[in-house]
There are 2 protein chains.
Amino acid sequence: MSKEKQASQAILRPAIPKLSSDETPCAACEVRQFAVCGALTPDELESFGGGMATISLSAGAPLIDEGEDDTHIYSITSGSLKCFKLLPDGRRQVTGFLFPGDFLGLTKSDTYINSVEAITNVTLCRMSRKDLNKYADSISNLDRRLHEMASEALADVQDQILMLGRKTSEERVATFLLSLSRRAGERGGPTNPVEIPMSRDDIGDFLGLTTETVSRTFSRLRKRELIGQDKERKTEILDFETLREISEGF
Amino acid sequence: MSKEKQASQAILRPAIPKLSSDETPCAACEVRQFAVCGALTPDELESFGGGMATISLSAGAPLIDEGEDDTHIYSITSGSLKCFKLLPDGRRQVTGFLFPGDFLGLTKSDTYINSVEAITNVTLCRMSRKDLNKYADSISNLDRRLHEMASEALADVQDQILMLGRKTSEERVATFLLSLSRRAGERGGPTNPVEIPMSRDDIGDFLGLTTETVSRTFSRLRKRELIGQDKERKTEILDFETLREISEGF
DNA sequence: CGCGGCTTTGAGGAGCTTCAAAAGCGGTGG
DNA sequence: CCACCGCTTTTGAAGCTCCTCAAAGCCGCG
């Protein structure tokens, strides 16, 4: 679940998703326990998996363009992606990152309200909304699980709003690092050397800062020995307590 | 639905909610068509209304403190409220405003994740989560309606994130005015002289700016004759088109 | 080894904030 | 009815954080 070295280059390769729709090994899925599917019994899962297609994307490949018809939902099985919105002059806001076990498609409207792009190589499961609705009728837990996830997402996003509206650059970066760490833990990975698959640019556009400010802030935290800058897009948190205090605005 | 002149002073009066739980005139409710309850049949509504208590709050009165046990949900029938989060040093982020027809309680966690306070005098309907769950089981549309509303809220909040992360003060204020106008229209009110019940402070804490910057920005828009500053917390939009362009970042 | 990408660091500048004070507005009481 | 008081809003001046522009460093890769 964590060998994303190819992450670095983000080359824009042709984004033709390789469909291999006849193999849906849901039962053996590594992220099932964390994903939507976690609410299903083996029987339900089997029929559910029938509607699933497996897709892989290379690092940098676009998955969704904001404004496209909202036809499918996705469950991430490996790798990471970013969701973002653009302003006409090119300013970009990364609204969130997706990791294994995450669900893409909680907000249903006519068209997608975010663009989505692979950061690393990615594999995901895809299902049409039509199929999803079919299953939602017959599988009682599914609907509730989706509602639950939407509710959680809504809570998380409030913290993001607080961060963007009121936190300093240092507080934002601290918040970001701790959040990456926590999420890695939630999906069963190590919480401490934090894997950071995304570029400084992506981080900046997520935190409402520029690349340079993000970089400077990392440097400052490093000089204060709150974090250690290991190689390979891993960052070690040296002082959780202080970082947490910073992130919470003390 | 719009005589909120007492709004201005925001005096902190004792916040004891006046319960009058035996009168629940849901059938005659002015906001029903816009609110959660809009999805119910008259029969369902009648039983549903049985669990409802009517509450009124004076301007400035707190309704919820972040961190309290999340025991009740609310539906606003008149007036306006603000939801906000605080940092330890007093920095405040207003995460949203609530108007008649809006629902409070889409995010279910153990404790409330926002504080909520009346801006004007307010009346609202309250129901315990326990009762809500009871009705959710027996009224099929209710669950779906809540899910729908959560999904919409999630979409709205993405625009807020884009705004906070990437827009200039002018773009934020323009976005804010247009959003107030649109929401007033959605609940059947006039879209043009925009009613602005909240203070400059509240607006600032919503837009991630200071009072002064908000005020200066209003002044600038006024000088450019994009808005007119009428009295009584009403602002007239003189040039929708340009304001929209500004708000969308052209 | 050298090229292209991302990241880091530096210097100067812009936008928003902070601090301060004046103006406006509503309510109260003489 | 007008003067005064408290509060909000507006306006001004100075300062700080973050941004912009620029260049050097670093790293993987051909």
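Computation of the quantities below employed the complete heavy-atom set of this structure, encompassing side-chain atoms and omitting hydrogens, waters and symmetry-equivalent molecules. Quick note on labels: first sequence line is chain A, next is B, and so on, each numbered from 1. Please read all numbers here as calculations on a predicted model, not as lab measurements.
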Between [X] ([atom1]) and [N] ([atom2]), how many Å, whole number?
X: A:R200; N: C:dG5; atom1: CZ; atom2: C1'; answer: 14 Å
X: A:F218; N: C:dT8; atom1: CZ; atom2: C1'; answer: 13 Å
X: A:D205; N: C:dT7; atom1: CG; atom2: C1'; answer: 15 Å
X: B:D202; N: D:dT8; atom1: CG; atom2: P; answer: 10 Å
X: B:R91; N: C:dT18; atom1: CZ; atom2: P; answer: 10 Å
X: A:L221; N: C:dT8; atom1: CG; atom2: P; answer: 12 Å
X: A:R166; N: D:dC18; atom1: CZ; atom2: P; answer: 13 Å
X: B:I203; N: C:dC16; atom1: CD1; atom2: P; answer: 16 Å

Sugar-phosphate only, base, or nothing, as touched by A:R220 at under 4.0 Å among non-hydrogen atoms: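 Here A:R220 touches no strand at all.
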Spacing of CZ belonging to A:R244 relative to CZ belonging to A:F250, to within rounding of 0.5 Å: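 Result: 11.0 Å between the selected atoms.
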side-chain hydrogen bond (donor to acceptor under 3.5 Å, both in side chains) between B:T111 and B:D70, worked out: CA-CA 4 Å; B:T111 57; B:D70 182 346; over 6 Å; no
Out of C:dC16, C:dT7, C:dT8, whichever nucleotide has its closest atom nearest the side chain of B:S169: C:dC16
Side chains of B:Q160 and B:T175 in contact at under 4.5 Å (non-hydrogen atoms): no
Validation row: A:T213, A:T211 side chains within 4.5 angstrom (heavy atoms):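 The answer is no, as the side chains (C-beta and beyond) never meet within the 4.5 Å cut-off.
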side-chain hydrogen bond (donor to acceptor under 3.5 Å, both in side chains) between B:S78 and B:T123, intermediate numbers included: CA-CA 5 Å; B:S78 80; B:T123 58; 2.8 Å; yes
Any A:Q229 side-chain nitrogen or oxygen under 4.0 Å from OP1 or OP2 of C:dT8: yes
N/O (side chain, B:R233) to phosphate O (OP1/OP2, D:dT8) under 4.0 Å: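 Indeed not, no polar side-chain atom of B:R233 lies that close.
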Distance under 6.0 Å and angle within 45° of ring axis: A:R183 vs A:F99: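 No, A:R183 and A:F99 do not form such a contact.
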Evaluation steps, side-chain hydrogen bond (donor to acceptor under 3.5 Å, both in side chains), between B:Q93 and B:D205: CA-CA 5 Å; B:Q93 176 66 36; B:D205 285 346; over 6 Å; no
For DNA chain D, the residues among residues 207-217 of chain B that have a non-hydrogen atom under 4.0 Å from it: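 Those residues are B:E212, B:S215, B:R216.
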